[in-house]
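All residue numbers in this chain count up from 1 along the given sequence.
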Amino acid sequence: QVQLVESGGGLVQAGGSLRLSCAASGRTFSSYTMGWFRQQPGKEREFVTAITSILGRTYYADSVKGRFTISRDNAKNTVYLQMNSLKPDDTAVYYCAAGSGGFYPPDWRSWGQGTQVTVSS
């Protein structure tokens, strides 16, 4: 099982940008499909984006398409989430996840502790 640690959250004004990072332990990072989820107060955790290990295909929730970009650096065991044109509705705790299988959707097996993103209006 891979250990995940997110960073990069914070407070930003609407229209601004943030980049989240998720550092993974272990030697098999490149074999995992990686994803980002978020959870807003009083709501269930929801899918944001994912990138497969095989072919590096990306998937996005409709709410973030065109604004968010997921990428990965297998040499650094890190996955990134570039968030642009942020809206107050993007305010949430963002979680990194790792899934086995290499494709989408994977079996999401490992989760980070989460990082808070707050977008002020």
Asks: Is the closest side-chain heavy-atom distance between L20 and Y95 below 4.5 Å?
Replies: no

Asks: Should V117 and Y94 count as side-chain neighbours, where that means a heavy-atom distance under 4.5 Å?
Replies: yes

Asks: Using the test side-chain contact (heavy atoms from CB on, under 4.5 Å), find all partners of T118 that sit at least two apart in sequence or belong to another chain.
Replies: L11, T91, Q116

Asks: Give me the atom names and distance for the closest heavy-atom approach of A92 to Q40.
Replies: CB-CG, 3.7 Å

Asks: Please tabulate, for the side chains in residues 1-10, all donor-acceptor contacts under 3.5 angstrom to protein atoms that are two or more places apart in sequence or on a different chain.
Replies:
residue	atom	partner	partner atom	Å
Q1	NE2	R109	O	3.0
E6	OE1	Q113	N	3.0
E6	OE1	Q113	NE2	3.4
E6	OE1	G114	N	2.9
E6	OE2	C96	N	2.8
E6	OE2	G114	N	3.2

Asks: Could you note down all residue pairs passing disulfide (SG to SG under 2.5 Å) where residues 49-84 supplies at least one of them, sequence neighbours left out?
Replies: none

Asks: Going by side-chain contact (heavy atoms from CB on, under 4.5 Å), name the residues that satisfy it together with A14, two or more places apart in sequence or in a different chain.
Replies: P88, V119

Asks: Determine which pairs satisfy salt bridge (charged side-chain N to carboxylate O under 4.0 Å, His left out) with at least one residue from residues 111-121, sequence neighbours left out, and list them in order.
Replies: none

Asks: Please, which pairs that meet salt bridge (charged side-chain N to carboxylate O under 4.0 Å, His left out) have at least one residue in residues 13-23, sequence neighbours excluded?
Replies: none

Asks: Show every salt bridge (charged side-chain N to carboxylate O under 4.0 Å, His left out) that has at least one partner inside residues 83-96, sequence neighbours left out.
Replies: R38-D90, R67-D90

Asks: Which pairs with one or both residues in residues 54-88 pass disulfide (SG to SG under 2.5 Å), sequence neighbours excluded?
Replies: none

Asks: Which pairs count as ring pair (Phe, Tyr, Trp, His ring centres under 6.0 Å) when at least one residue sits in residues 11-54, sequence neighbours excluded?
Replies: F37-F47, F37-W108, F37-W111, F47-Y104

Asks: Are L18 and F68 linked, directly or through intermediate hydrophobic residues, by side-chain heavy-atom contacts shorter than 4.5 Å (ILVMFWY only)?
Replies: yes

Asks: Could you grab the distance from atom OG of S30 to atom CG of N77, nearest 0.5 Å is fine?
Replies: 8.0 Å

Asks: Might you point out which heavy atoms bring C22 and M34 nearest each other, and give the distance in Å?
Replies: SG-CE, 4.4 Å

Asks: Give me the atom names and distance for the closest heavy-atom approach of V79 to S71.
Replies: CG2-O, 3.1 Å

Asks: Run the side-chain donor-acceptor check on residues 54-64: report pairs under 3.5 Å with partners two or more places apart or on a different chain.
Replies:
residue	atom	partner	partner atom	Å
Y60	OH	I70	N	3.0
D62	OD1	K65	NZ	3.2

Asks: Keeping to residues at least two apart or across chains, list the disulfide (SG to SG under 2.5 Å) pairs with something in residues 35-72.
Replies: none

Asks: Please identify each residue that fulfils side-chain contact (heavy atoms from CB on, under 4.5 Å) with S31, with sequence neighbours left out.
Replies: T28

